[in-house]
Amino acid sequence: MGVKVSVVVPVFNGGEWLEECTESVLAQTMPRGDYEVVFVDDGSTDATPRVLDALAEREQVVRAVHLPRSGGPGGPRNAGVEQAEGEYVYFLDHDDRLAPRALERMYAMATRCDSDIVVGKVVGHGGRGVPKSMFAASRDRADILADHLLGFLTPHKLFRRSFLRRHGLRFEEGPAWLEDHRFVVEAYFLAGTISVLADEVCCHWMKRDGRAHYSARRFDPEAYYRALRQILDIVDAHAEPGAERDQMYAYWYHSKMLRLLTWPVLLGRPVPYSRYRWYREIRRLALERFPTSVDDWLPLSIRVRSWLLRRNAYGDIARLAAAERGLSVAADLEQVSWDGAALVVRVRGRLAYADGRPVTFRRVGDRLLWNPPCELRTALPDEAFDASGQIGDSRLELMVQNRHDKGVYSVPTRSELALDTDVGAVQNVQQVRLVGTAHLDPATGKLGRPLDAGTWDCLVRAESCGWGPQRRLGGSAEFPAGKPPVDSTLTFDGEDGTFAAKPYWTGLGNLSVQVTRRQKSRPEP
């Protein structure tokens, strides 16, 4: 049998991070003869060409391809696919890292599900954001909308090579904006089966300070939103006008336009003129391509900004961004105890602004309307603030994060919603209170696998009306950090030994679970 997976890595001035990337792909549990690594040098001006040639000479699975400078990753990725011999192709950047079992696990899913695309769990570092909803659970056959596949459009995915060739799928070459979105969106529409592997980290997506990466060039709003128009053209070619297209449009309207009108993106830009230039291009595209029906698919906190944007209320948008700065989840720990083999964690929480004021709503007839945290000078109808259809989806969730690889996993949590009335003795004003009760079973993890040995930090996340703050879970008056959260340790058997799990307080007073290997399993005689 030939090569199963080709890892294609575009490289420009790889520097110190190239070594980490190389070590990760050469440490795969997939047998060496089953995969190859194609490094494509894009006219590097440092020692990268010599390093890659020496690596290819030393490692049989490595090939080095050298190109003249193109100014973007698209050309090197296309060249890598042309050189690849694998049944599948995985795209990795030169400063990212693969987890040890990534290729083995993704290829196994691809062959079992006959997948054209496999999306393996990605963890972001250094400010890289990866949507939690996309990796909430593994999916043999994922749906673009129902499984939130538009939330992560970088090319860090496994693609069947014959699928790419059959459809002539190629990246735009040169210094292009959103070239990865254009490639992945087209591939999503054409794929027969897309699978999601969520129960184990496959790739560490890194943002490095000082990296000479392609997107580090100065932001050009006009060019950026021209590229976004091209993505919308792809959607138009595959989706008829109506609710499905509106829902897809809502992703880019939210993530690439309206989200940029929140803190810290809008007010974090140093020059007021550059902020307004950005805003002007966003509004121009909104009026040109986004009908008001798209607003129906926006969460409340973002939908208000759409109303203001369409009315050209830049001042109100800026005031709202400043007032929402620091919005977080205020959480109180109510229970930590063992219930058989599960750790039960009960948390009460609410959304609050940075100054401690709760996020509040007012009751008007049968509607529940959001009270903005600042005065808006632009008159908007009640419809803009109506949370009635979204408030019921609010939930509080416990998550655990592996301190070693930073992978975040949801813990099964029963969430309860309550609306406290007469907040601050003001009639008809209410705030959302959430209670989450989670059951963490270290032996099964309820994450698809047991908890690995190491430290697992507990996080709490509140989701309501488009807000989704999360934080480390600390102690409370009832569970002070100076006293052990529980008195006993749970022992359980894993595939390679006996393990012990014990909750404890970190030095900063946050709840974590330490999993240690007690002994290795003895082989049966």
Side-chain angles (χ1 to χ4, degrees), residues 20 23-24 27-29 97-102 104-105 121 123 125 135 138 197-204 331 333-347 397-413 436-461 470-476 479-525:
E20 291 184 23
E23 289 177 353
S24 76
Q28 291 297 296
T29 56
R97 292 185 286 111
L98 281 180
R101 300 207 306 164
E104 178 185 356
R105 291 291 314 278
K121 185 179 181 73
V123 173
H125 301 266
F135 295 112
S138 294
L197 177 62
D199 61 18
E200 185 172 349
V201 174
C202 293
C203 178
H204 297 274
L333 185 60
E334 293 190 339
Q335 179 183 355
V336 186
S337 62
W338 289 113
D339 181 8
L343 182 69
V344 180
V345 180
R346 182 179 172 89
V347 184
E397 182 179 28
L398 182 75
M399 298 177 291
V400 289
Q401 182 175 40
N402 186 315
R403 194 178 292 182
H404 171 67
D405 65 15
K406 304 303 181 185
V408 177
Y409 301 87
S410 297
V411 178
T413 306
T437 305
H439 289 75
L440 174 63
D441 182 348
T444 64
K446 294 292 180 67
L447 317 170
R449 61 189 178 89
L451 297 186
D452 296 328
T455 301
W456 294 82
D457 296 317
C458 296
L459 311 175
V460 60
R461 177 183 177 90
Q470 71 181 41
R471 61 182 299 175
R472 292 283 300 276
L473 179 57
S476 62
F479 287 89
K483 180 182 178 181
V486 294
D487 296 326
S488 57
T489 299
L490 176 74
T491 301
F492 63 95
D493 291 327
E495 291 183 359
D496 57 349
T498 300
F499 296 82
K502 183 175 181 62
Y504 75 101
W505 299 113
T506 68
L508 296 176
N510 296 314
L511 182 65
S512 296
V513 178
Q514 186 70 39
V515 178
T516 56
R517 180 185 285 112
R518 286 288 181 86
Q519 63 186 38
K520 292 184 178 179
S521 300
R522 296 179 180 177
E524 296 182 2

Side-chain donor-acceptor pairs of residues 336-346 under 3.5 Å, sequence neighbours excluded:
{"from": "S337", "atom 1": "OG", "to": "Q335", "atom 2": "NE2", "distance (Å)": "3.0"}
{"from": "W338", "atom 1": "NE1", "to": "S488", "atom 2": "O", "distance (Å)": "3.1"}
{"from": "R346", "atom 1": "NE", "to": "E334", "atom 2": "OE1", "distance (Å)": "3.1"}
{"from": "R346", "atom 1": "NH1", "to": "T437", "atom 2": "OG1", "distance (Å)": "3.0"}

Minimum-distance pair of heavy atoms, taken over all atoms of [X] and [Y]:
{"X": "K121", "Y": "Y409", "value": "CE-CE2, 3.7 Å"}
{"X": "L333", "Y": "S476", "value": "O-OG, 2.7 Å"}
{"X": "A481", "Y": "G509", "value": "CB-CA, 3.7 Å"}
{"X": "V515", "Y": "A501", "value": "CG2-CB, 4.2 Å"}
{"X": "K502", "Y": "V486", "value": "NZ-O, 3.7 Å"}
{"X": "L197", "Y": "C202", "value": "CD2-SG, 3.7 Å"}

Is any side-chain heavy atom of [X] less than 4.5 Å from a side-chain heavy atom of [Y]?
{"X": "C458", "Y": "N510", "value": "no"}
{"X": "V460", "Y": "E397", "value": "no"}
{"X": "P485", "Y": "L511", "value": "yes"}
{"X": "L451", "Y": "L440", "value": "yes"}

Nearest-0.5 Å distance, CG of residue D452 to CD of residue E200: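 Interatomic distance, D452 CG to E200 CD, rounded to 0.5 Å: 7.5 Å.
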From L398 atom CG to L459 atom CG, the distance as rounded to the nearest 0.5 Å: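 The CG atom of L398 sits 7.5 Å away from the CG atom of L459.
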Can you name the ring-ring contact (aromatic ring centres under 6.0 Å, His included) partners of H125, sequence neighbours left out?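 H125: ring-ring contact (aromatic ring centres under 6.0 Å, His included) contacts with H204.
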Residues forming a ring-ring contact (aromatic ring centres under 6.0 Å, His included) with F492, sequence neighbours excluded: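 Scan of F492 (ring-ring contact (aromatic ring centres under 6.0 Å, His included), adjacent residues dropped) gives F499.
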Evaluate R517 against T498 for side-chain contact (heavy atoms from CB on, under 4.5 Å), listing each step before the verdict. CA-CA 6 Å; R517 180 185 285 112; T498 300; over 6 Å; no
Stepwise side-chain contact (heavy atoms from CB on, under 4.5 Å) check, V513 with V400: CA-CA 9 Å; V513 178; V400 289; 5.8 Å; no
Please enumerate all residues that pass side chain to side chain donor-acceptor pair (under 3.5 Å) together with [X], with sequence neighbours excluded.
{"X": "T455", "value": "Q514"}
{"X": "Q470", "value": "R461"}
{"X": "E104", "value": "T29"}

Start with the C-alpha distance between D199 and R105, add both sets of side-chain angles, then the distance that settles side-chain contact (heavy atoms from CB on, under 4.5 Å), and finish with yes or no. CA-CA 10 Å; D199 61 18; R105 291 291 314 278; 3.1 Å; yes
Keeping [X] on the side-chain end and [Y] on the backbone end, is there a donor-acceptor pair under 3.5 Å?
{"X": "Q401", "Y": "V408", "result": "no"}
{"X": "W505", "Y": "G482", "result": "no"}
{"X": "S512", "Y": "T506", "result": "no"}

Decide yes or no on side-chain contact (heavy atoms from CB on, under 4.5 Å) for N402 and W456, but give the supporting numbers first. CA-CA 5 Å; N402 186 315; W456 294 82; 3.4 Å; yes
Taking only residues two or more places apart in sequence or in another chain, which ones pass salt bridge (Lys or Arg N to Asp or Glu O under 4.0 Å) with E23?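 Counting only residues at least two positions away or on another chain, E23 forms no salt bridge (Lys or Arg N to Asp or Glu O under 4.0 Å).
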List in chain and number order the residues that pass salt bridge (Lys or Arg N to Asp or Glu O under 4.0 Å) with R403, two or more places apart in sequence or in another chain; answer none if no residue qualifies.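 Expected list: D457.
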